[in-house]
Q: 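Can you read through this structure? Questions will come right after.
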Amino acid sequence: MEETNNISKTYNPAEFEDKIYAKWVENGYFHAEPNKDKKPFTIVIPPPNVTGQLHMGHALDETLQDILIRYKRMQGYEALWVPGTDHAGIATQIKVEESLRVNEGLTRYDLGREKFLERVWDWKKKFGDRIINQLKKIGSSCDWDRERFTMDEGCSKAVKEVFVNLYNKGLIYQGSRIINWCPHCITALSDAEVEHAEQAGHFWHIKYPVKDSNEYVVIATTRPETMLGDTAVAVNPDDERYKNIIGKTLILPLVGREIPIIADEYVDKEFGTGCVKITPAHDPNDFEVGARHNLEQIKVMNDDATMNAYAGKYEGMDRYECRKAMVKDLDDAGLLVKVEDHSHNVGQCYRCGTTVEPIISKQWFVKMKPLAKPAIDAVKNGETKFVPEHFEKVYFHWLENIRDWCISRQLWWGHRIPAFYCDDCGEIVVTKDDEAFCPKCGKKMRQDPDTLDTWFSSALWPFSTLGWPDKTPEFEYFYPTSVLVTGYDIIPFWVMRMMFSGIEHTGQVPFSKVFIHGLVRDSQGRKMSKSLGNGIDPLEIIDKYGADALRFTLATGNAPGNDMRFYMERVESSRNFANKIWNASRFTLMNINIKENKLPDLSALELSDKWILSRYMKTVKSVTDNLDKFELGIALSNLYSFIWDDFCDWYIELVKTRLFDKESESGVAAQYVLTYVLSNTMKLLHPFMPFITEEIWQHLPHTGESIMISPWPQYDESLVFSSEEEQMQLIMDAISAVRNRRLEMNVPPSKKAQMILVTKRLDIFNAGVPFFEKLASASAVTVTQNKDSVPDGAVNIVVAEAEIFLPMSELVDRDKEIERLTAEKKKLEAEIKRVEGKLSNKGFVDKAPKNIVDEERAKGEKYQAMLDKVLETLSAL
RNA sequence: GGGAGUUUAGCUCAGCUGGGAGAGCGUCUGCCUUACAAGCAGGAUGUCACAGGUUCGAGCCCUGUAACUCCCACCA
């Protein structure tokens, strides 16, 4: 990064972003090592799925993390950002199967497990690399030496360690229970992986005849096909209507099987007919009832939700086909009493949208209650804090209502379950070893064919990536991590599971802060999705507007945890901001010939210098404070207005005259201040817009290799000049007032005018003379205490502490002037009335803080003085 | 059926512990002022959803109402 003042005329991020990133990587600035002399600051990336490419939500997530990590790095922390990707079991397997089907007409079974997995690894390589490249384009300062993958060797080791430990503690068990089954993905799902959607359905009322009698009961069901697996009908024991038939036997229609009528508290007398068919193999409640009454469990479906042999004549039909056929048969048999419309919630697979089937199945589970408790406590006692805080409620709600976690998946892509079976004697061994021999008969054992829920490995990510279960120096130093940055939609899947896993396996919470952000939506507020085709590719935005503009857009105008809308006008305005910075820097470079970046002696500072330094210091403070509070949007908007309004619109304009005379003492001082403020402001902006700030910083006089490893600006009280700020404010207000009047009177800027400023505060306004000349189109300025020199009929402007006259009597329209002054008078009187109202309120004067009361008094005096002048002018007319 | 969030300028949104309503975009007026027309200067636009309450003082705190959004939920 050579030092030159030749900086291209227009802001063109494509010219330097990639080059700068390559330099950063080359110099190892992103790399972190355990370092006793520094405090660690650690973030592990929420690993993007290797299913495809990054979307705008990722861009937001990465931008926020990069802002935090760069900020802390500059503050002197040993800042580590661990990058990586997630194997995303179901999601990736579906993608690869789909591509196999479309491109080659093959299924995974055609290839076989081993060959299929090779294909998935190919896919992983391709998309994993693409994702890493996208991360780099955004500017992410990840430690690429520590890039991880949820199925790499280390993560696999951690997974086995955890599985075996939990198994040995009795916290992992195998059992036959009702789970959510996706017939399309052919696998079990956890509760979190099921989305519920309201669906229009029916309530079928069906007669079940009582054996050896003309009696019958009527049950109501939304899933008639499951009656093939009914093994009882239940009524409430207190239901008078049915008391006398408890214990009798029913003939299951269409099947002919005999089933008992049982009594169970579970049945709600008020709902439906008060009789409930019990299908223990296909419904979680019925499963419980069945268990209490020792009922047989008859599973009537295959894994793909077609009916099996227990369905008799319906065998081979799809579940919905079967439903239709059965309803018709029941109707034909006169057993269908009525059909009601009924909308109810149906579970759908979160990956493919297929309606899940609750089904009995032998799976592996994690016992959640003992793990949930400490995870709840850790947030309750503040060891881990959510930002914004209200997301803790979501977290608590999940953990407090949690049921055991089904972790086995009938997929090929994922961590193989480390359990081995002996086909001869049925012995089970759970081990970290890759193979096992039966402890009883010595025979080589068969490994469980299933894999683990993707989230099982993601749950270990904060420590598996740092070397756990080994006590590596990295683990010892960087763990627990500092902040987790993620979207609120992923709290139940991931945040919660990392929490209880971290506490259980490392004895420590995995992170002390959880910084939650919202979703990125399209311009109409809709979720960006493939099916709607409304997604915007972050890379396209970067190509066109630059990564800095994208980052600015994502980091601004939004409070933590809230969703945001993304649209091009916002990106354009971000790019315009970058362009503004670019040009202000170009101006600076064109006007300095100093070689050092330092401040001149305080004695050399002029009013405007003190003003901008003071404003700058306040910006340092607000940006730092807001970053510490995760208020990135506020921090950034403070910087925006400091740069654009204070630095560009005022300071640069104020010092132009001095800069024309580069060699003068005043000109040199201006160069130093200009350079100092710009360069340090670039530091404040660097976490948000890393590329442009580096590019500019490199061109300015500097010490050190890169802005990204330069120290974060410190707040320095000695550079806060409050009275100069106030003085400058009065001058600026006067300038604005003159500009306003001139525009009102249609005076072109090219027409200069004499200006007489009457004030009692010569000390304040004398310093403003050059500024009035430069910025208020004044040809000659007179600052005086009396009105003697004011010609008759001059244009009059009343401002705080002064009255300004422009001798342009030919432009003054007496009637209009009276009208304007009357309006002014009204306004001032209203203000005075408001202030007086407050001050005459005894409660206010007595109870309000003194500084507030004093402020009001001062305002009152100021407005009164202005009103007096307005009245004076008015009466003269 | 629970729970959360939102409601502020034409649009999109800020507004930190209560002390005279803000930004960006759009719009209107005037400017090619040699850093920037991706710009400069100036202007207009708000019963801060509604109704109560607390307070000297409420966009902000409390209660209730309405609308929208989201999450959770085994009434068959």
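Any value given below was found using the heavy atoms of this structure, including those in side chains, with hydrogens, waters and symmetry copies removed. We name chains A, B, ... by the order of the sequence lines, and we start the count at 1 in each one.
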Q: Look at A/D238 together with A/K269 and state whether they make a salt bridge at an N to O cut-off of under 4.0 Å.
A: no
Q: Taking the P atom of each, how far is B/A4 from B/A76, in whole Å?
A: 25 Å
Q: In which stems does RNA chain B show up, taking only runs of three or more Watson-Crick or G-U wobble pairs whose two distances fall under 3.5 Å?
A: B:1-7 with B:66-72, B:10-13 with B:22-25, B:27-31 with B:39-43, B:49-53 with B:61-65
Q: Which residues pass the ring pair (Phe, Tyr, Trp, His ring centres under 6.0 Å) test with A/F771, not counting sequence neighbours?
A: none
Q: A/V337: which residues meet the side chain to side chain contact (heavy atoms under 4.5 Å, CB included) condition with it, sequence neighbours left out?
A: A/H205, A/K207, A/V218
Q: Can you sort out the partners of A/K513 under side chain to side chain contact (heavy atoms under 4.5 Å, CB included), two or more places apart, ordered by chain and number?
A: A/K385, A/V387, A/V483, A/F630
Q: On the ring face of A/W398, is A/R497 found with NZ or CZ under 6.0 Å from the centre and within 45° of the axis?
A: no
Q: Does the ring center of A/F396 lie less than 6.0 Å from the ring center of A/F391?
A: no
Q: Rounding to the closest angstrom, what is the interatomic distance between B/C50 and B/A38 at atom P?
A: 40 Å
Q: Could you tell me how far apart A/Y640 (OH) and B/G22 (P) are, to the nearest whole angstrom?
A: 17 Å
Q: Taking atom P of B/G24 as reference, at what distance in whole Å does atom CD1 of A/I643 sit?
A: 14 Å
Q: Base, sugar-phosphate, or nothing for A/S573, non-hydrogen atoms under 4.0 angstrom?
A: sugar-phosphate
Q: I need a per-nucleotide contact map over nucleotides 29-42 of chain B, read 5' to 3'. Cutoff is protein heavy atoms under 4.0 Å; write B for the base, S for backbone only, - otherwise.
A: BS----BB-BSSBS
Q: Closer than 4.0 angstrom, basic N to acidic O: yes or no for A/R403 and A/D191?
A: yes
Q: Once you round it to whole Å, what is the distance between P of B/G57 and CG of A/N841?
A: 7 Å
Q: Mind checking if A/G633 touches a base, just sugar-phosphate, or nothing, with heavy atoms under 4.0 Å?
A: nothing
Q: Looking across every strand, which nucleic acid part, if any, lies under 4.0 Å from A/Y395 by heavy atom: base, sugar-phosphate, or nothing?
A: nothing
Q: With the threshold set at 4.0 Å, does a side-chain nitrogen-carboxylate oxygen contact exist between A/K656 and A/E653?
A: yes
Q: Do the side-chain N and O atoms of A/Y208 and A/D230 include a donor-acceptor pair separated by under 3.5 angstrom?
A: yes
Q: Run the ring-centre check on A/F552 versus A/F688 and record whether the distance is less than 6.0 Å.
A: no
Q: Please measure how far the C1' atom in B/G18 lies from the corresponding atom in B/U55, and state the result in whole Å.
A: 9 Å
Q: For B/U63 and B/A21, measure between their C1' atoms and round to the nearest Å.
A: 25 Å
Q: Taking the P atom of each, how far is B/A49 from B/C72, in whole Å?
A: 29 Å
Q: OP1 or OP2 of B/C13 sitting under 4.0 Å from any side-chain N/O of A/R565?
A: yes
Q: So do the side chains of A/H282 and A/I360 get within less than 4.5 Å of each other, counting heavy atoms only?
A: no
Q: Output one letter per nucleotide in nucleotides 68-76 of chain B: B when a protein non-hydrogen atom lies under 4.0 Å from the base, S when only the sugar-phosphate is that close, - when neither is.
A: ----SBBBB
Q: So, A/K859 and A/E856, do they make that salt bridge, N to O below 4.0 Å?
A: yes
Q: Quick check on side chain to side chain contact (heavy atoms under 4.5 Å, CB included): which of A/V233, A/L330, A/I219 does A/M227 satisfy it with?
A: A/L330
Q: Using whole Å, what does the distance between atom P of nucleotide B/U6 and atom CE of A/M564 come to?
A: 16 Å
Q: Taking CD1 from A/I491 and C1' from B/G3, how many angstroms apart are they, rounded to a whole number?
A: 13 Å
Q: P atom, B/U8 versus B/C61: distance in rounded Å?
A: 16 Å
Q: In whole angstrom, what separates A/N562's CG from B/U12's P?
A: 15 Å
Q: Rounding to an integer number of angstrom, what distance separates B/A37 and B/A51 when you compare their C1' atoms?
A: 50 Å
Q: Please give the distance between the C1' atoms of B/C60 and B/C16 as a whole number of Å.
A: 11 Å
